[in-house]
Structures are given as C-alpha cells and as structure tokens.
2 protein chains.
Amino acid sequence: MRKTSPGSFPVKPRLPEVTLYRLAFYVRVLERLSREGRELVRSEELARLCGVSPAQLRKDLSYLGGFGVRGVGYQVKSLERQLKRILGRDRLWHLALAGINDLGLALLSDRRLSRMGLRFVAAFDWREEWIGRIVQEVYVYSVDQMSYIVRESEVEIGVLTVEEPPAREMARRLSEAGVRAILNLGPEPLEAPEEGIILRNADLTLPFDLLTYALS
Amino acid sequence: MRKTSPGSFPVKPRLPEVTLYRLAFYVRVLERLSREGRELVRSEELARLCGVSPAQLRKDLSYLGGFGVRGVGYQVKSLERQLKRILGRDRLWHLALAGINDLGLALLSDRRLSRMGLRFVAAFDWREEWIGRIVQEVYVYSVDQMSYIVRESEVEIGVLTVEEPPAREMARRLSEAGVRAILNLGPEPLEAPEEGIILRNADLTLPFDLLTYALS
DNA sequence: TAGTGTGAAACGGTTCACAGCG
DNA sequence: CGCTGTGAACCGTTTCACACTA
C-alpha cells in the first residue's frame, strides 16, 4: 500500500488534490452525522450527502487504507477521527492575520475556526490607528514586530485578506518572519515569496464567477 | 469549433470546470496588468503569474476561439473583456444575503464585489432585532417577505453564510422565492433544494484543511 | 522569427464490476 | 448476504511538439 521513493524512503502516498479536497468535505458531513448521534454510515449515503458517487468515496478512502467493515459500513466517529488525523486536524494550529479589514475581522471572531483547532494568536497591521488595539481578543502588532512575534507565538500559518498592494509585501514579510504557509484570501493570486513556503490562493469572490457563468 | 447537440441546436461548448476556475484567475491577473498599463502579454508570462503552464493557458483560451496574435501575444484589455463576457461578468447581478453574521456583514461591505458587478440589494433574517435595520446600506427584511422582495428586486443569486441549522431552511426559502442560484459559504455542504437550482458550496474554512494537510 | 493554436500522445482520475470478507 | 475494497477499463485533462501566421 505504501509507495516508496526512488531512494526507497517510505513517503506519504501522494493524494490527488481533488481527493484531499473531498476529504475535507467528508469530515464536515461526518461531524454533522456524529452530532446527530449516528454511529454507522454506508458509502452510498455518505456519498450522496457529499455530492459524490459511492465508488468515488470508497476509492478515496481506500487510498488511506480500509476504514470500513465489509457488509456493514463505516463507523462515523472513527472515520471522522482518522480523516482529521490525515488532514492535520488532530492538533492546534497557531495563525496570524496580516492586514485588518472586514473579512479579517470576521475570521478573527469565527468560532468555527477555533473549534477546528485554528487559533489566531496575533494580528499585524501597518496603520498606526490599529496598532496596540485588541480586536476579538487578538492583539494587533506593528508589522515591524512580526518576526519576533511569529517566532515567540509559534505561528505556522499566516492569513491574508487584503488587496495588492499591500498583499504581496505582507506575504513576503510573513515568509521572512518564519511562517510555513500562507493563505491568501485576497482578490489577487500571489506567488510563493520563497522556495519552501506553501501559498494558497483562495479568493472568496471566485465562486461567484462560476455561478454567473452558469447563469449566463 | 462550435459543438452541436443531438437535435443540432448550437450549444455553448461545455468548458471543463477546472478551465472555468482558471479563467476566473486569468481575469484577476489581467485586471491587475490592465491597471498597471500593460497592453500586451505573452502566454508564458500570464501563465507564470497565474501559476499554470503556458500550454495550459493557450489550450484554455483556444477552447473559446483564438484571442491572441501569433508571434505577438494577447491584448490585455481585449482579452480581459472577452473572458469577463464568457464568465457573465459583463453585467450587473442582484444578490441577497440570507442570514446575517460577521462573514455576511463583511460581504455586504466588500467593495470588490460591487466593483465586479455583484450588488447586494437585500438581506434577510429571522431574528426580530435585525429586521428593519439597514446594514452597510442594505435593508434587512423578515424571511416572510423573501418571496416578494426577491421578485420585486430581481434577485438572481442568494448567498448563505450561516450554519446548519438554519442554512438548509434558508436555502429552501431562497429557492422557493425564485433565486436561480445559491452560494453557500457556510461550513456544511448542502444539496440543491430543487431541480434546476444551482447550488455551490464554498466553505471558507476548506482551504485551511489543505494547508494543515500539507504541513503535517 | 517569435509566439499562438492545435492534433496527438501521455497522464491521471473516475467509473465499473466483481472479488473478498465480515 | 451485503457492503467494502480494488484491479482494470474508461474518459477527460494536461502536456508535447510542431504547424501556422502576423
């Protein structure tokens, strides 16, 4: 089951990105089922709730090793736990927000994120009037303090919600300060400022385009 | 180039969903180039800025008919306009927000959306204390008035940012009231409440999972 | 000549159909 | 017997390499 690299080191089997994406969906639905007290679920039902085919679901899960019981189905709680572990959702992550605006404020106060183990431990801004304030229980630091605070608070993920400029500059600073990954929720795609840094562009307005296309 | 359906009616050539998604990216980068005064761009540069391969970009554009000039490149302004037309971004769309929370408020005040031609013309909530208020210049109606207001204001797209419950109920109401599409930005995937309604799930927390996976 | 447009090959993901197992 | 797990066939997307044209 486990693939080996040329040098025969065992490597994490490369999941297709789409599979990964679906895994995150499965987790959310499993959480709901779990909340509703369901103990068992069959691939057919879980697939329908997630909007995929049962074969797809079983194939996705089989990449990770069989979690189900033949003739029975999947244990909701156990599957949820396994998938979360694979997605890295079995521990706490420290986040920092770089650049404050409405969307950023909404994220800071979003209970879902902290329930998921994603905690904002700091915010950064370049505007005097924001520095030193506490918003949604998070302290706003000057950008100059970023390097120190990121190291001190063990921030691993930086979050951007602002436009370019200053998005690109903020990304560079975050990367310099030592975060390992950046989530860019701003409107414009950025490139990773440094080799080894993971940067994802996830513009909130993008799905609107898919809708307006479909409606045209 | 143009495909024909069995009955030989000309149909919009079905774009692969991934292509569509990339088109939206291209538009955003073209907007930036345009703002910066660039008139011409070659596939190699545009592709790099969008994080795809030049071959991919050219193939995507060739689905839509050749927009470029051999030996020269693409006219930034003209390509931007063409792509926007294809995505349905060449006109104004009326949106309604169903269920108010922090994320919803952030959307209402987001200038980018209105610059894109996406205008919130109404908001709906079930809580007495919200009804009748005006937030970010948008009036908050009771859910009972939805049917009337949606028709009157010609709302085509409904936007959800709330949890389930009441997300599912809100989706059903929107669909009943006559919107053609629903964007669910809430945490849990929903199914289209009715045949013919387009529903997209675009949970904001999803990209976080992809990052925590990559970092694990 | 430089860079687009595009068939054809290569790749990767999805679906199928059934073997395998509780 | 029922439902999962999975090799193999299928299908759509990406990449390649080059014909084409301003």
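What you are looking at is a predicted structure, and each value in this text was computed from that prediction instead of being measured. Residue numbers begin at 1 in each chain, while the letters A, B, ... track the order of the sequences.
- Separating the CG atom of B:Leu61 from the C1' atom of C:dT4 is a distance of 10 Å, rounded to the nearest angstrom.
- B:Leu46 has its CG atom 13 Å from the C1' atom of C:dT4, to the nearest Å.
- The distance between atom CG of B:Leu57 and atom P of C:dT6, rounded to the nearest whole Å, is 14 Å.
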Working for side-chain contact (heavy atoms from CB on, under 4.5 Å), residues A:Val135 and A:Leu105: CA-CA 8 Å; A:Val135 287; A:Leu105 290 173; 4.1 Å; yes
Under 3.5 Å, sequence neighbours excluded: what are the donor-acceptor pairs made by side chains of residues 49-59 of chain B?
unit_1  : atom_1 : unit_2  : atom_2 : d
B:Ser53 : OG     : B:Gln56 : N      : 3.1
B:Gln56 : OE1    : B:Arg22 : NH2    : 3.2
B:Arg58 : NH1    : B:Ser43 : OG     : 3.3

Mark up nucleotides 12-20 of chain C, 5' to 3', with B wherever a protein heavy atom is under 4.0 angstrom from a base atom, S wherever such an atom reaches only the sugar-phosphate, and - elsewhere. -SBB-B--B
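- Taking side-chain N and O atoms only, A:Ser43 has a distance below 4.0 Å to OP1 or OP2 of D:dT4.
- Every salt bridge (charged side-chain N to carboxylate O under 4.0 Å, His left out) that B:Asp209 has, sequence neighbours left out, goes to A:Arg28, A:Arg89.
- Taking the side-chain hydrogen bond (donor to acceptor under 3.5 Å, both in side chains) definition, one finds that A:Glu176 meets it with A:Arg172, sequence neighbours left out.
- For the pair B:Arg42 CZ and C:dA2 P, the interatomic distance rounds to 11 Å; values are reported in whole Å.
- For A:Phe67, there are no ring-ring contact (aromatic ring centres under 6.0 Å, His included) partners, not counting sequence neighbours.
- As a whole-Å value, the separation of B:Leu23 CG from D:dT13 C1' is 15 Å.
- Evaluation of the side-chain hydrogen bond (donor to acceptor under 3.5 Å, both in side chains) rule for A:Ser34 yields A:Lys77, A:Glu80 as partners, not counting sequence neighbours.
- Separating the OH atom of B:Tyr21 from the P atom of D:dT14 is a distance of 13 Å, rounded to the nearest angstrom.
- For B:Arg35, the salt bridge (charged side-chain N to carboxylate O under 4.0 Å, His left out) partners two or more places apart in sequence, or in a different chain, are A:Glu188.
- Residue order along DNA chain C, read from the 5' end via each residue's closest nucleotide, puts B:Phe67 first among B:Phe67 and A:Val69.
- Looking at residues 72-84 of chain A, you'll see A:Val72, A:Gly73, A:Tyr74 sit with a heavy atom under 4.0 Å from some atom of DNA chain D.
- Proximity of a side-chain donor or acceptor of B:Asp125 to a complementary backbone N or O of B:Ile100 within less than 3.5 Å is detected.
- Judged as a side chain to side chain donor-acceptor pair (under 3.5 Å), the pairs with a partner in residues 159-168 of chain B (not counting sequence neighbours) are, in order, B:Asn101-B:Thr161.
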